[in-house]
Each structure stands twice: as C-alpha cells, then as structure tokens.
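Just so you know, these numbers come straight off a predicted model, no measurement behind them. Letters A, B, ... are given to chains in the order of the sequence lines, protein chains preceding strands, and every chain is numbered from 1.
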Amino acid sequence: MLDAPVIEVVDGAVAIAGRPILRGIDLSVRRGEFVALMGANGSGKSTLVRAITGLRPLVAGQISLFGTPLSDFRDWHKVGFVPQRAGAGGGVPASVWEVVASGRLTRRRLLRPLGKADRAAIAEALDVVGLADKTSEGVSTLSGGQQQRVLIARALAGEPELFFLDEPTAGVDLPNQQALADALRVLSERGATIVLVAHELGPMAPLIDRAVVMRDGRAVYDGAPLADHEVHDPHFGEAHTHHHPRPAHHDHAPHVAAPLDLRGTEEGDRR
Amino acid sequence: MSEFLDLFSLPFMQRALIAALFAGLAAPAVGTYLVQRRMALMGDGIGHVAVTGVAIGLLTGLSPTWAAVVVAILGAIAIELIRERGHANGDVALALLFYGGLAGGVLITGIAGQGAATLQSYLFGSILTISVSDVLFTMALAAVVLVVAIGLMPQLFAVAQDQEFAQVAGLRVRTYNLLVAVLAAVTVTVAMRTVGLLLVSALLVVPVATAQQVSRSFRTTLFAAMALGVAASIGGLALAAYLSFDAAVAPGPTIVLLSLAGFVVTLPLGAWLRRRHRLREPFPEVGNGEHLEVPEKHDHVHGSDCGHPAVPHGDHVDYVHDGHRHAAHGSHYDEH
C-alpha cells in the first residue's frame with residue numbers, strides 16, 4: 001500500500017443541516033506533497049478539511065487516508081490537525097507546554113506517564129515553531145500569532161506524517177507568518193504531507209507544490225500554484241479574461257436581502 | 001479554648017472532619033474540568049436535580065444518598081447531551097433542569113410525608129450528623145473521583161481544551177465528556193452532606209477561581225484548587241465549631257464563605273501579578289535602527305536596582321518611566 005495516495009477523496013459530498021455544501025469532490029494527494037486549499041470565505045475549503053479529518057460525515061462518496069477507508073482508519077497518530085484558532089484558551093489557564101504535550105496523546109497509552117521519547121518530541125516541536133523559551137507561559141497571554149504556533153507545535157508533538165492546517169495565518173502579523181512558514185518548510189523538507197487551507201498564502205507561497213481552488217462547494221482548479229490574486233479570478237489569471245465582469249459571490253446560508261439588493265454586481269466590484 | 005480542642009475528640013466531629021477532607025479534595029478536582037469547559041454552573045444544575053433523587057429516596061424508603069447518586073448521574077448525562085447538541089441553547093436547557101429538579105424534589109418530599117426540616121439537611125448540609133456508613137460512602141466515592149480526575153488528566157485536559165483536536169487525535173471525545181459529567185454528579189452527592197446541594201457548586205468552583213488568580217498552568221491550578229478546597233472545608237468546619245459556642249453557626253455556609261474569603265484575598269494579588277507580567281513583556285523588535293537621543297538629564301543611572309521596570313527589547317534593555325522607553329547608548333539615553 002506504499003504507493004496509495006495519502007489522501008483520496010472520490011466524489012465526496014457534504015451536507016450541513018440538509019443543505020448540500022460540498023459536491024462532487026475528487027482529490028488525491030500523494031506522499032510528501034504540499035497542497036494549498038484556496039478559495040473565498042464560504043467556498044467550502046474548511047469543510048473539506050473537516051470531512052477528510054472525520055469531523056464532518058460525508059453524505060456521498062468515499063474518503064481514504066493512507067489507503068484505508070476513513071471509517072476503518074485508526075492510525076490517528078499519523079495525522080496532525082491544526083484547527084482554526086479559538087481552541088487555544090479555556091476557562092482555566094494552561095501553559096504552552098501543557099497544550100503542546102496534549103498533542104502527544106495520539107501516541108500515549110492510558111494511565112502511562114510521559115516517557116523520554118515523549119518529552120523529547122514535545123521539546124522538539126516547541127523548538128521548530130520557535131517557542132522553546134515560552135514553555136511555562138500561559139497560552140492565553142501570548143499574541144495571536146504565537147498562539148497559532150502553539151497549535152502547530154501541538155500537532156507536531158505527535159510526529160505525524162500528514163498535516164492539516166486550517167487558516168493558520170488568519171489575523172497573524174507578517175513576522176509571525178514568516179515564523180509559521182519557516183516551521184512548515186522544516187516539516188515539508190522532512191517529507192511530511194501538508195494540506196494548508198488558506199485565504200491568502202503570503203510567505204507560504206514559495207513552499208506550495210500544488211493549489212486546489214474551491215468555489216461554491218466544488219473544486220474548480222487543481223494544478224500549479226497560483227498567486228493570491230489569481231485565485232479569485234474566474235479564469236485563474238488568463239490574460240484575455242481581465243475585462244469580463246466577475247460573477248457574484250455568495251455564501252451557503254440563504255441571503256436575507258431586499259429585492260433591490262444588487263449584491264456583488266455593483267460597479268465597484270468590477271475590475 | 002480547651003473546650004474547643006475537646007470537640008475534636010468527639011466521634012461525630014471526627015467523622016465530620018474525614019467527610020470534609022474528602023469532599024474538599026474531590027470537589028475542586030472535578031470543578032477544574034467544569035471551569036475549563038466554561039460550565040461552572042453545571043454543579044449547581046446537578047445539585048438541583050439531585051434534590052429530586054433525595055426525595056425519591058425518602059418516598060420509597062431506599063437510601064436518599066444512593067437515590068441522589070442515581071438521579072444526579074442521569075441529570076448530568078442529560079445536561080451533557082443537551083450541551084453536545086450545542087445549538088439547542090444549553091443555558092436555557094440547564095435552567096429547565098434546575099427548576100424541574102428542585103420543584104420535583106420539594107413536591108415528592110411532601111408526598112412522602114416528610115417535612116421541610118428533613119429536606120433542609122440535604123439542601124444545606126448536615127455534616128455533624130453524618131453516620132459511619134455515610135463516611136465510608138463519601139471516602140469510597142471521593143477516592144474513585146480522585147483516581148479518575150488525576151489519572152486521566154492528559155486525556156480529560158485535551159478533550160476540554162479543544163474538542164475537535166482531541167477527536168482528530170483519535171480520543172473518544174463523547175465518552176470522556178460523559179465521564180466528566182458522571183464525575184461531577186458523583187462529586188455533588190459526595191459533597192451533599194458537607195455543604196448541601198444548594199451550596200455544593202461553590203466547593204467545585206470557588207477554589208478553582210482562587211487558584212487561577214496566581215497559576216499559569218492547568219496542573220498547578222488543579223492541585224492548588226484541591227489544597228484550597230481542603231483548607232476551606234476543614235477550616236470552615238473548625239471555625240463553625242469554634243463559633244458555635246456563642247451562636248448557631250452551620251458548617252456548610254461557613255465552609256463556603258471561608259472559600260469565598262480566600263478568593264477575595266487573592267484577587268488583588270492576581271491583579272498585581274498579571275500587571276507585573278504585562279509590564280515585563282519584551283518589546284517587539286521592529287528593525288528600524290533610528291532612535292531619538294534624549295536631551296533630558298537623568299539624576300541616576302538606570303539599572304537593575306533603580307526601580308524602573310526593565311523590559312527586554314532585542315539585544316538590550318529599555319527602562320520604562322513617565323511614558324518613555326529609555327535605552328542606554330554610550331553616555332546618553334535613546335528613546336526607543
């Protein structure tokens with residue numbers, strides 16, 4: 001099974017509360033690839049990652065991880081998940097070390113204390129994201145970018161082969177984005193497979209092998225990396241299309257709009 | 001004073017001390033997980049539901065304590081399932097259980113032909129009338145709660161901290177959530193005899209709130225809360241005994257008020273610690289090398305003992321005073 005794709009989605013569909021969100025998704029990611037999943041807000045890119053990680057059930061189609069159908073998949077220590085920020089703070093203070101150590105649970109058995117290998121992996125993960133000097137700080141006292149790096153270190157601590165990162169750069173300043181990109185470069189060079197959900201790539205752009213663009217719940221582009229502005233172009237940056245009007249964007253939730261609302265077709269929206 | 005010390009040689013006082021010790025240990029351990037998942041009032045909800053359990057015990061002639069355990073566990077599972085649904089407005093659902101449990105309890109107690117006095121010993125605690133079998137019951141349940149709450153700390157912490165991450169990490173999130181709910185229910189019934197069902201949530205939550213004023217990690221919070229819980233329950237019991245020579249001082253409310261007093265005392269300490277930590281946070285390095293030279297004369301040389309906060313900034317230290325950030329540069333100071 002070594003040659004099986006790390007991720008394989010065949011004709012996947014996801015519905016939330018009865019409304020179809022993702023339709024007809026086919027995606028295959030090979031070992032070691034760095035894939036950027038791009039698209040506007042509401043295009044379904046986060047939903048796709050949530051489906052692949054088993055957080056959202058499919059209503060049709062199939063997903064396999066490492067050649068095993070998702071329903072039979074048990075090797076969760078091979079998967080590292082970095083959710084959209086928010087989960088970094090609870091009602092009780094938690095130190096950076098504690099949060100990162102919780103990522104090691106994928107490889108620990110019940111009621112066993114941390115072993116030497118566990119501690120080494122946690123220290124290594126903190127080192128890769130550049131937070132080795134902040135281990136005893138409370139997570140909630142860190143800046144947004146640093147919290148995001150804590151979440152990446154948490155995923156790293158389990159020493160996974162496949163990473164999912166959901167908008168790690170949202171609301172993060174440029175120096176912190178650079179620090180994130182450096183950490184991801186290290187991972188990628190070690191041979192990890194990375195799926196990055198991003199609205200804009202910023203400093204991550206040079207790392208990407210392949211871009212998949214989602215629009216309105218479908219994958220509309222799958223190929224060579226795109227520049228940030230090309231993603232939102234209906235024809236992905238072909239020169240002759242620049243004067244065509246852009247189609248209206250919409251979210252999946254029904255609009256509550258007045259009859260005269262010309263959403264998305266005003267002059268100002270054209271380029 | 002010797003009268004007071006003699007109290008501790010009385011069997012009922014010794015039983016009360018043992019019960020207070022175990023309740024004081026177990027309640028904050030579980031309370032830490034409840035506070036972490038921002039469900040500080042869950043203990044209260046379970047307490048109200050347990051009133052119905054006590055009443056059913058009185059009506060059927062079974063042990064009110066065991067009936068309370070069973071009904072509290074059912075109530076806690078119901079609360080957890082409502083919370084899990086999420087969009088079903090958890091706090092309203094909790095409120096419905098609160099009032100349903102309390103009203104049902106009072107109604108059934110009346111049907112059972114028991115007066116308000118019987119119910120009151122469960123509502124506000126009656127630690128001084130606790131029997132030997134109740135002490136053993138308290139010890140056994142508290143020990144189970146402690147073993148689970150501390151032994152499974154990594155798993156329970158991860159699930160409460162970030163449920164989705166825990167699920168992708170392969171943990172059985174639902175099982176752990178229900179486990180915490182059951183632990184909370186058992187703890188409520190353990191502490192029922194000590195402080196009573198209406199005050200039990202205080203013993204779960206207040207020591208945690210006090211501990212996190214000064215702690216920066218989950219582990220420290222949990223163990224500090226347990227220490228504070230024991231101090232409050234043993235101290236409150238002794239204080240109530242000491243004061244009861246002059247007036248009728250009930251142990252339950254004394255324990256809760258002593259615990260709250262601990263919170264009030266640590267509040268300014270926590271505020272001061274957080275402020276100090278914020279002031280000492282290093283300034284970010286923003287690579288423009290140009291700085292204004294400060295013409296102002298200083299009547300002293302800034303240093304580790306000058307009293308002005310010294311904040312790391314890149315490869316040097318800025319001294320903060322009067323709204324300035326001054327860094328030594330040769331024989332003068334620069335504004336950074």
Side-chain angles (χ1 to χ4, degrees), chain A residues 17 49-50 52-56 73-99 101-108 110-114 118 133 135-143 151 154-155 157-158 160 164 166 173 175-176, chain B residues 28 31-40 87 147-148 150-173 175-176 205 208-209 211-222 224-225 270 273-274 277-278 280-282 284-287 312:
Chain A
V49 161
R50 294 170 61 81
I52 298 173
T53 50
L55 291 170
R56 280 263 174 227
F73 187 73
R74 294 288 174 272
D75 296 334
W76 289 107
H77 61 269
K78 288 184 178 174
V79 178
F81 176 51
V82 182
Q84 279 188 18
R85 185 153 34 96
V92 170
S95 71
V96 170
W97 190 88
E98 285 176 318
V99 173
S102 70
R104 193 66 192 168
L105 280 176
T106 54
R107 290 183 182 272
R108 286 176 68 189
L110 279 180
L111 299 173
R112 293 283 177 81
L114 280 173
D118 297 321
D133 56 335
T135 50
S136 60
E137 301 269 326
V139 167
S140 54
T141 65
L142 300 182
S143 72
L151 296 190
R154 178 177 67 177
F164 294 97
D166 197 349
D173 62 8
N176 267 305
Chain B
T32 309
Y33 295 107
L34 297 184
V35 174
Q36 191 195 13
R37 45 182 77 199
R38 302 188 189 282
M39 297 197 66
H87 34 251
V147 166
V148 176
I150 294 174
L152 293 181
M153 196 194 303
Q155 283 79 14
L156 294 175
F157 168 77
V159 170
Q161 182 77 7
D162 189 338
Q163 198 156 314
E164 293 195 338
F165 175 81
Q167 191 173 336
V168 176
L171 294 180
R172 295 172 189 277
V173 169
T175 311
Y176 285 111
V205 170
V208 182
Q212 57 172 281
Q213 291 301 316
V214 292
S215 67
R216 275 192 282 172
S217 77
F218 185 81
R219 210 184 159 80
T220 337
T221 309
L222 193 142
L273 280 175
R274 281 190 292 274
H277 187 257
R278 196 164 54 240
R280 301 204 166 171
E281 188 70 5
E285 255 186 299
V286 189

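Highest contact tally toward chain B, considering only Trp97(A), Phe73(A), Phe164(A), Trp76(A), is held by Trp76(A) [criterion: heavy-atom pairs under 4.5 Å]. Residue with the most contacts toward chain A among Thr220(B), Thr221(B), Val168(B): Val168(B) (heavy-atom pairs, distance under 4.5 Å). In terms of heavy-atom pairs under 4.5 Å with chain B, the best-connected choice from Leu105(A), Thr106(A), Leu111(A) is Leu105(A). In terms of non-hydrogen atom pairs under 4.5 Å with chain B, the most contact-rich of Thr141(A), Leu114(A), Leu110(A), Asp75(A) is Leu110(A). Of the listed residues Ala158(B), Pro154(B), Ser215(B), the one with more heavy-atom pairs under 4.5 angstrom with chain A than any other is Pro154(B). Your options are Gly151(B), Ala166(B), Ala209(B), Ala169(B), and the one with the most heavy-atom pairs under 4.5 Å with chain A is Ala169(B). Here Leu55(A) is the residue among Leu55(A), Thr53(A), Val96(A) with the most heavy-atom pairs under 4.5 Å with chain B.
Considering only heavy atoms from C-beta on, Gln212(B) comes within 4.5 Å of Pro93(A) through its side chain. A 4.5 Å side-chain heavy-atom check between Arg154(A) and Asp162(B) finds at least one atom pair inside the cut-off.
If you measure heavy-atom distances from Phe157(B) to chain A, the contacts under 4.5 Å come from the side chain alone. For chain B, the nearby part of Arg108(A) is the side chain; its heavy atoms alone come within less than 4.5 Å. Both the backbone and the side chain of Arg219(B) come within contact range of chain A, judged by heavy atoms closer than 4.5 Å. Contact annotation for Thr32(B): both backbone and side-chain heavy atoms come within less than 4.5 Å of a heavy atom of chain A. For Leu171(B), the part lying under 4.5 angstrom from a heavy atom of chain A is the side chain only.
Expressed to the nearest 0.5 Å, how far CE of Met153(B) lies from OG of Ser102(A) amounts to 13.0 Å.
Taking every heavy atom of both residues into account, Val99(A) and Gln161(B) meet most closely at CG2-NE2, 3.9 Å.
Distance alone, capped at 3.5 Å, places no donor-acceptor pair between the Glu164(B) side chain and the Arg50(A) backbone.
Within 6.0 Å of CZ on Arg172(B) lie no more than 12 heavy atoms contributed by other residues, nucleotides or ligands.
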